Amino acid sequence: MDRWQTMRVFAKVAETGSFAQTARLLHMSPPAVTRAVAALEETIGARLLIRTTRSVKLTEAGSRYYEDCRRILADIAEAESAAAGSNATPSGTLAVTASVLFGKMHVLPIVTHYLDTYPTMSARTLFVDRPVNIVEEGIDVAIRIGRLTDSGLTAARVGSVRHVICGAPAYFARHGVPTTPADLKRHRIAVSTGAWASPEWRFAGNERVVVHSTLQSNTNEVPIAAARSGWGLTRVLHYQIGPDLLEGRLRIVLDEYEEAPIPVHVLYPEGRRAPAKVRTFVDLAVSQLRANRTLN
């Protein structure tokens with residue numbers, strides 16, 4: 001069995017966690033799967049899998065090797081598709097990343113629309129509130145909020161978002177409306193402690209206010225819910241409270257002090273011709289996000 005095939009067998013075992021299931025999926029016998037993985041481990045000189053009667057787990061070396069295998073096998077599949085002239089048809093699995101709330105609200109509907117349009121495709125989403133290296137983590141497309149650095153990625157701007165301060169009408173009726181950023185020091189504040197959170201809130205003209213947050217949470221949903229209930233104020237990206245603004249549950253204040261909007265881009269790796277699955281998804285995502293009134 002050649003190296004490409006043993007890598008393919010190993011990668012499938014790593015994905016399924018089962019020698020028997022891998023054998024069924026690849027139309028092989030279980031002993032053949034076992035021999036392929038053993039031969040690969042012998043060639044490499046490292047143990048890749050820990051096998052027990054109940055489970056199959058990757059070793060530390062196996063985890064690193066699996067990520068490399070996945071990229072190499074994807075490159076081979078793409079090269080074969082291009083050579084066969086089938087690169088115009090989307091195929092395989094599309095991996096998409098975005099921040100958690102933006103992903104749920106605006107990216108997931110695009111992904112499901114895409115899967116409806118191309119029923120032979122599958123998709124994997126990674127919605128996390130942390131920076132993602134899309135090459136190292138095997139991501140095809142990223143929707144990113146923020147100003148871009150020179151990353152060597154192809155980028156299409158699709159809109160922008162604003163940092164806004166908001167509260168419920170009932171809260172303002174009881175506690176008054178802040179008219180300057182300094183007024184925030186006498187209001188109850190709920191915040192997220194996510195990756196980009198800071199107690200220093202910045203405003204236009206380089207004005208800065210350090211707020212004392214009475215309520216902290218690891219998610220954006222909690223401070224938004226607290227503000228919606230009339231408990232206090234919070235600062236969020238305006239798309240996160242779009243429905244609440246439309247229905248009057250929340251109101252933005254201090255908008256005249258807001259910083260410049262933050263751009264939103266669709267990103268994907270360049271350096272080679274993007275496969276059909278990436279091109280077709282990017283076209284759809286760019287079109288739908290640019291048409292999204294929340295972002296434009």
Side-chain angles (χ1 to χ4, degrees), residues 96-112 125-132 142-146 158-204 208-259 261-264 288-289 292-296:
V96 182
T97 189
S99 57
V100 174
L101 207 50
F102 191 89
K104 290 179 181 178
M105 294 177 68
H106 298 300
V107 179
L108 181 59
I110 299 173
V111 172
T112 54
T125 61
L126 178 64
F127 295 157
V128 289
D129 291 331
R130 63 169 175 81
V132 173
I143 292 83
R144 189 160 292 168
I145 298 172
V158 293
S160 61
V161 295
R162 299 152 43 212
H163 266 124
V164 300
I165 296 168
C166 63
Y171 176 86
F172 295 127
R174 292 194 306 271
H175 301 283
V177 178
T179 58
T180 68
D183 291 343
L184 294 170
K185 291 182 177 294
R186 57 182 178 80
H187 285 268
R188 289 197 296 196
I189 305 292
V191 299
S192 163
T193 57
W196 295 285
S198 170
E200 183 180 78
W201 290 1
R202 300 183 179 188
F203 299 89
R208 305 182 183 194
V209 174
V210 177
V211 298
H212 173 68
S213 54
T214 310
L215 175 61
Q216 300 179 353
S217 172
N218 65 318
T219 70
N220 288 309
E221 288 91 339
V222 169
I224 291 172
R228 188 187 299 125
S229 72
W231 182 87
L233 306 181
T234 192
R235 188 177 191 235
V236 294
L237 293 172
H238 82 274
Y239 78 86
Q240 297 170 336
I241 56 170
D244 293 303
L245 294 174
L246 288 174
E247 298 180 19
R249 292 188 295 265
L250 288 173
R251 171 187 165 192
I252 292 174
V253 295
L254 300 177
D255 51 337
E256 66 270 31
Y257 292 94
E258 291 173 7
E259 289 186 298
I262 304 167
V264 181
Q288 293 205 0
L289 290 172
N292 189 323
R293 293 178 60 189
T294 303
L295 305 179
N296 294 279

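Along the sequence shown, residues are numbered consecutively beginning with 1. In this text, all values refer to a predicted model and were calculated from it rather than measured experimentally. Hydrogens, waters and symmetry mates are skipped; everything else that's a heavy atom, side chains included, is used.
Listed by first and then second residue, the salt bridge (Lys or Arg N to Asp or Glu O under 4.0 Å) pairs that reach into residues 167-176 come to none, sequence neighbours excluded.
The shortest heavy-atom contact between Ala226 and Ala190 is CB-CB, 4.2 Å. Ile224 approaches Leu250 most closely through the heavy-atom pair CG2-CD1, 4.4 Å. Across Phe172 and Val253, no two heavy atoms sit closer than the pair CZ-CG1, 3.4 Å.
Under the salt bridge (charged side-chain N to carboxylate O under 4.0 Å, His left out) criterion, Lys104 pairs with Glu221, sequence neighbours left out. Remark: Glu247 engages Arg249 in a side chain to side chain contact (heavy atoms under 4.5 Å, CB included) (not counting sequence neighbours). Under the side chain to side chain contact (heavy atoms under 4.5 Å, CB included) criterion, Ile262 pairs with Ile145, Arg147, Val161, His163, Leu237, not counting sequence neighbours. Applying the side chain to side chain donor-acceptor pair (under 3.5 Å) rule to Gln288 yields the partners His113; only residues at least two apart in sequence or on another chain are considered. Tyr239 is linked by a ring-ring contact (aromatic ring centres under 6.0 Å, His included) to Phe102, His106, counting only residues two or more places apart in sequence or in another chain. Under the side chain to side chain contact (heavy atoms under 4.5 Å, CB included) criterion, Ala142 pairs with Thr97, Ile134, Arg144, Leu267, sequence neighbours left out. In this view, Arg202 and Glu200, Arg208, Glu259 satisfy the side chain to side chain contact (heavy atoms under 4.5 Å, CB included) rule, not counting sequence neighbours. Not counting sequence neighbours, the partners of Thr294 by the side chain to side chain donor-acceptor pair (under 3.5 Å) test are Asn292. Applying the side chain to side chain donor-acceptor pair (under 3.5 Å) test to Ser160 and every residue at least two apart in sequence or in another chain returns nothing. Partners of Glu256 under the side chain to side chain donor-acceptor pair (under 3.5 Å) rule, at least two apart in sequence or in another chain, do not exist in this structure.
The side-chain tip of Arg235 points at the ring of Phe203 from less than 6.0 angstrom away and within 45° of straight on.
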Item to check | side-chain contact (heavy atoms from CB on, under 4.5 Å) evaluation trace for Val236 with His238 | outcome: CA-CA 6 Å; Val236 294; His238 82 274; over 6 Å; no
Next on the checklist: Checking Thr234 against Cys166 for the side-chain contact (heavy atoms from CB on, under 4.5 Å) test, could you report, in this order, the C-alpha distance in whole Å, the side-chain angles of both residues, the deciding distance, and whether it holds?
Outcome noted: CA-CA 6 Å; Thr234 192; Cys166 63; 3.8 Å; yes
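Side-chain contact between Ile189 and Leu215: absent, with no pair of heavy atoms (C-beta onward) separated by less than 4.5 Å. The shortest distance between side-chain heavy atoms of Asp129 and Asn220 falls below 4.5 Å. No side-chain heavy atom of Trp201 sits under 4.5 Å from any side-chain heavy atom of Leu254. Side-chain contact between Ile241 and Val164 is present, with at least one heavy-atom pair separated by less than 4.5 Å. Between Ile143 and Val264, some side-chain heavy-atom pair lies under the 4.5 Å cut-off.
We find the CD1-CD1 distance between Ile165 and Ile252 to be 10.0 Å, quoted to the nearest 0.5 Å. Separation of atoms OH (Tyr171) and NE2 (His187) is listed at 5.0 Å; rounding is to 0.5 Å. Going from atom CD of Gln240 over to atom OG of Ser99 covers 7.5 Å, rounded to the nearest 0.5 Å.
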Scan the side chains in residues 175-186 for donor-acceptor partners under 3.5 Å anywhere in the protein, sequence neighbours excluded, and list what turns up.
| residue | atom | partner | partner atom | Å |
| --- | --- | --- | --- | --- |
| Thr179 | OG1 | Asp183 | OD2 | 3.0 |
| Thr180 | OG1 | Asp183 | OD1 | 3.4 |
| Asp183 | OD2 | Thr179 | N | 2.9 |
| Asp183 | OD2 | Thr180 | N | 3.1 |
| Lys185 | NZ | Val210 | O | 3.1 |

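Formation of a donor-acceptor pair under 3.5 Å by the Ser217 side chain with backbone atoms of Thr219 is found in this model. Distance alone, capped at 3.5 Å, places no donor-acceptor pair between the Asn218 side chain and the Thr193 backbone.
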